Structure formats: C-alpha cells, structure tokens
Amino acid sequence: MARQHKPSGRDLHPDTLSIKHGEEATPGAPEAGDVVSPIHLATTFGVGEVIDDRDWTEYEPEHNEFFYSRVANPTRHALEKRLAALHDAEFGFAFAAGLSAISAAVMSSVQPGDHVVAFEQVYSGTDMMLRRLFDERLDVDVTFVDATETETVADAMRPETTLVWMETPTNPRIKLCDIEAIADVAHEHGATLGVDNTFMSPYFQRPLELGADVVVDSTTKFINGHTDSTGGAVVTNDEAIADDLWLFQVVNYGCGLPPFDCYLVLRGLKTFPLRMRQHEANATAVAEFLDDHEQVRRVFYPGLESHPQHDLAERQTSGHGGLLSVELDATYDETIRFMEELDVVELAVSLGGVETLVEHPASMTHNTIAPEDRRAIGITDSLLRFSVGVEHIDDIVADLDAALASIE
Ligand SMILES: *Cc1c(COP(=O)(O)O)cnc(C)c1O
C-alpha cells in the first residue's frame, strides 16, 4: 500500500491549498504550533517502541511514520500532500529532479519487451532517457510521433504498447496534444498515459482530470518559481502506480527531494497562483506586442487566436501560461545580437521563474542538431523561446522594443 495523500480540502481553491495544505500540524511536536513546516534534517527518528511484526517492504502510515529519512521525511510529506492537492490527486511524490520523477513514472509502466509511444520534441533529457536508457539498454522500444494529431498516436499503438508519454505544450514550438482524446486511445489499448505537465503547471492544466494516469511536473520551474531549487513531482490516482513510484523513490534510487528543497518548494508555492496569473498576463502582453512588431515573423503562444491549436488550449486548460516562442525576421547573427542587447530579459536556459528569460534553441539547446534537420522540425535560426516573468510589463516590453530597434 502506497501512502494516502487524499487532501482533506478538496473543495478549497488552489490559492488556499498553495498556502497551507500539508503544513497544518508539525509531526512529532504539535504543541509548538508552527504555522510553516520546519526543515526536518534528521536522517533517523526515535521509534519509541519495538515493532517486530512490521512488513518493511510496504509503506504503512499507521505505524511509526518516520523512522528513516530516505524512506519518509516530515518536510517532504508536507510538500507531497500539497502537490497531490494541487492536482486533486490521491498520491503525490517529490523527487530530487524533474527527470528522476519522469524516469520513475516511465519505469512504473514498462518492462523489457514493452513498447512506448512518445511525443516527438519532448524535453531533451526525456528524449535522451527514452532513447539511451529504455530503448538501447532496457529493451523497451520507443516510437516518437507528432502527437498534435491524435490519429498518429493511434496509428503507432501496438499490442505490446504499455505507455503513452506526452508533454504538452512542447518546447520550443509550443505544440499541444489533446490529452482527453489520447487518454482514450491509450486506454483502448490497455496502456498508461503519462503527461509531463511542466509548461502549464497544475494551475492551468490538470491532466489527471482529462484522463491521464500519471502526471509529472518539474518543480524546478513554475512550482518552486524562484530558480533556486531543482526537483520533480509525480501525482497519480492509481494505487499500483503509486506503489511503484514509492518503491523507485525510496528504495531503488533513493531520490526523494531533500528536506531543505522541500521547504523551498513549500515556500515558493505560497505565491504560486499569484505568480501564475501574472506570468500569464505578462506573456499575453508580450505575445501581442511581438505579434504586432514588423521585425517579428511569427509568435507561438496558445493564447493567440493565430495559434493553430488555440481552440484545444481553450478547452483543455484554464489559462495559457508564461511561455512563448517567436521567430524574428532576422538572420542567425542578428538574432544573437538581439539577445545580447537585452538587459531586463536574461539570456539563460530553464523557465518558470519570476525573472524573464530568453533562450535561442539553434545555438543553445538544439545546437547539436544539424541546421537542415533543425529547420525540418521548425527550429529556425531566428526562433527564440521566452519564459515571461513577473517584472513590470512596461519594463519587459521596453527592453524588447529597444533590442529589436538595434537590429533594424
Ligand atoms: C526542466 C524540464 C524537465 C526536467 O526537469 P529537471 O527538474 O531539470 O530535472 C522535464 N520536462 C520539462 C518540460 C522541463 O521543462
């Protein structure tokens, strides 16, 4: 039996859950009445009495809950309860990275000989994991498809397909897939649907409610939101998957999120809904500004009516998030110059923090792909990906405007 994290406050709004849920009592010292969860650094916990009939292969919260920190830690528990609540999920787990969360989620659904269908252009680390670990070493065949059309996913399914792995929207072309329709396809074939939800976060998109079986967010991004902690979350309502996730987290890999990072994420989450609303408002303003600018060829943002999947975004999400990509009307060199002219906007990979960041896929994240191959997947020399932060919108726009003027 995996741990039960059924939130008590299912009828509460994310704004409320983000502030308190999971931190209500201090395990072991309720009389102190801490309003925020302490950082429990102990690696072991006094058990008080001898329990000689315990089955150590199973997690049983009714026994001494905390006995060794890798297995269970009070600060991590507080965070895991909150992560589950934000997805309205039964089970939540906090991992040491988004990628360890993804590897545990994939691991929970495949065995040698199985087949996986994945969205092409998933996060580069996920792509490498699926190819080099699962496909090449663990005898798990992986097929990558353009999942913007659900039919291509259906066509790739085989009798031995046990997992469909989606990420929506994708990076850097901001392509979406229809989670609800793909869940039907996966389930018709008896396969699990896993979704990497990092770009939207549970504030705007809750894939479990659309039929997904297991959902990952890199907490490094919007969930922590302050660019100072690496971590990952997995949520599910499926008890068998939860048992496996727990096994991978605490026994196989020992990659639970450390207590100090759990504290940082609990703290970061207190302003999560506030930040998400501002990210979206700013991203919308930036998308509209760039869309109207003569130095800009195209803007990819699900909130713009010109986005080919705008209607799907409207149906599937409660907002359009803080990420967008643009194609400048510029050469490779002009694009580099544009980025170097930026002052408020920082040139860096990663996303989801309070600061606005820009990255250039052709030179930074996708530079190992040959230019012709890059262009074939829509990554042109002047494509830029912005993670729009929560600074004052006028300062962001003025910075972009000045940098665009410099390359005219
Ligand atoms: C950053 C990211 C990851 C990996 O998360 P880490 O915390 O860096 O391991 C996975 N998926 C997406 C979409 C990401 O943006």
Side-chain angles (χ1 to χ4, degrees), residues 76 79 83 87 92-107 116 118-134 144 147 163 165-177 179 194-207 212 214-235 245 248-249 253 255-258 260-262 264-265 268-269 276 279 283 300 302 317 320-325 348-353 355-359 361 364-366 379 385-389:
R76 195 168 85 222
L79 173 61
L83 293 169
H87 276 281
F93 301 88
F95 283 81
L99 277 180
S100 42
I102 291 170
S103 80
V106 172
M107 209 56 117
V116 175
F119 204 156
E120 62 184 17
Q121 291 187 33
V122 287
Y123 182 73
S124 58
T126 309
D127 186 272
M128 202 186 293
M129 181 197 304
L130 290 173
R131 289 177 202 273
R132 304 213 359 217
L133 176 64
F134 287 95
F144 290 92
L163 174 68
W165 187 261
M166 293 290 127
E167 182 179 314
T168 182
T170 59
N171 178 40
R173 278 296 303 277
I174 320 287
K175 289 185 179 183
L176 280 63
C177 69
I179 297 171
V195 175
D196 182 339
N197 195 52
T198 302
F199 268 35
M200 277 298 149
S201 88
Y203 188 72
F204 289 125
Q205 178 169 277
R206 288 207 285 272
V214 57
V215 175
V216 172
D217 291 281
S218 164
T219 59
T220 313
K221 314 297 168 53
F222 290 108
I223 287 185
N224 180 53
H226 291 73
T227 328
D228 54 8
S229 161
T230 298
V234 194
V235 295
L245 291 171
F248 292 126
Q249 181 195 41
Y253 302 146
C255 57
L257 189 64
F260 184 68
D261 288 273
C262 291
L264 286 176
V265 180
L269 272 172
M276 293 315 292
H279 280 296
F300 303 93
T317 62
H320 304 296
L323 290 156
L324 58 97
S325 291
V349 296
S350 198
L351 57 107
E355 57 287 287
T356 301
L357 303 178
V358 64
E359 80 108 352
M364 294 167 76
T365 47
H366 295 68
I379 300 172
R385 203 273 323 275
F386 288 91
S387 175
V388 182

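Ligands are counted one by one from 1 in listed order, and the atoms in each one are counted from 1 as well. In this text the structure is predicted, and so the values were computed from the model without any measurement.
Using a 30° and 60° split on the angle between ring planes, Phe248 and Tyr253 fall in the parallel class, below 30°.
The proximity of Asn171 to ligand 1, defined as any non-hydrogen pair under 4.0 Å, does not occur for either the backbone or the side chain. Here Ile102 has side-chain heavy atoms under 4.0 Å from ligand 1, and that is the only part of it that gets that close.
Shortest contact from atom 2 (C) of ligand 1 to any protein heavy atom: Lys221 NZ, 2.5 Å. What sits closest to atom 5 (O) of ligand 1 on the protein, heavy atoms only, is Ser218 OG, 3.1 Å. Atom 7 (O) of ligand 1 has its closest protein heavy atom at Thr220 OG1, 2.6 Å. Scanning the protein heavy atoms around atom 6 (P) of ligand 1, the nearest turns out to be Gly98 N, 3.4 Å. Nearest protein heavy-atom neighbour of atom 8 (O) of ligand 1: Tyr123 OH, 4.1 Å.
Without hydrogens or angle criteria, Gln249 side chain to Phe95 main chain gives no donor-acceptor distance under 3.5 Å.
Ligand 1 places these atoms under 4.0 Å from at least one heavy atom of Leu351: 15 (O). Close approach of ligand 1 to Ala97 (heavy-atom distance below 4.0 Å) involves ligand atoms 7 (O), 9 (O). Listed by number with element, the atoms of ligand 1 under 4.0 angstrom from any heavy atom of Glu167 are 13 (C).
Residue Asp196 places at least one N or O, backbone or side chain, under 3.5 Å from an N or O of ligand 1. The N/O atoms of Phe199, backbone and side chain alike, include none that comes under 3.5 Å of an N/O atom in ligand 1.
A heavy-atom distance below 4.5 Å is not found between the side chains of Ile174 and Leu324. Looking only at side-chain heavy atoms (C-beta outward), Arg173 and Ser325 stay at 4.5 Å or farther from each other. You'll find the side chain of Thr220 stays beyond 4.5 Å of the side chain of Thr198, heavy atoms only.
Contact annotation: Gly231 has at least one heavy atom less than 4.0 Å from an atom of ligand 1.
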Handout entry: Glu359 and Thr365: CA distance, side-chain angles, deciding distance, side chain to side chain donor-acceptor pair (under 3.5 Å) verdict
Key = CA-CA 8 Å; Glu359 80 108 352; Thr365 47; 3.0 Å; yes

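One finds the OG atom of Ser124 at 8.0 Å from the CG atom of Leu99 (value rounded to the nearest 0.5 Å).
With 3.5 Å as the limit, one finds a donor-acceptor pair spanning the side chains of Glu355 and Thr227.
Taking each heavy atom of Gly353 and His279 in turn, the nearest pair found is O-CE1, 3.1 Å.
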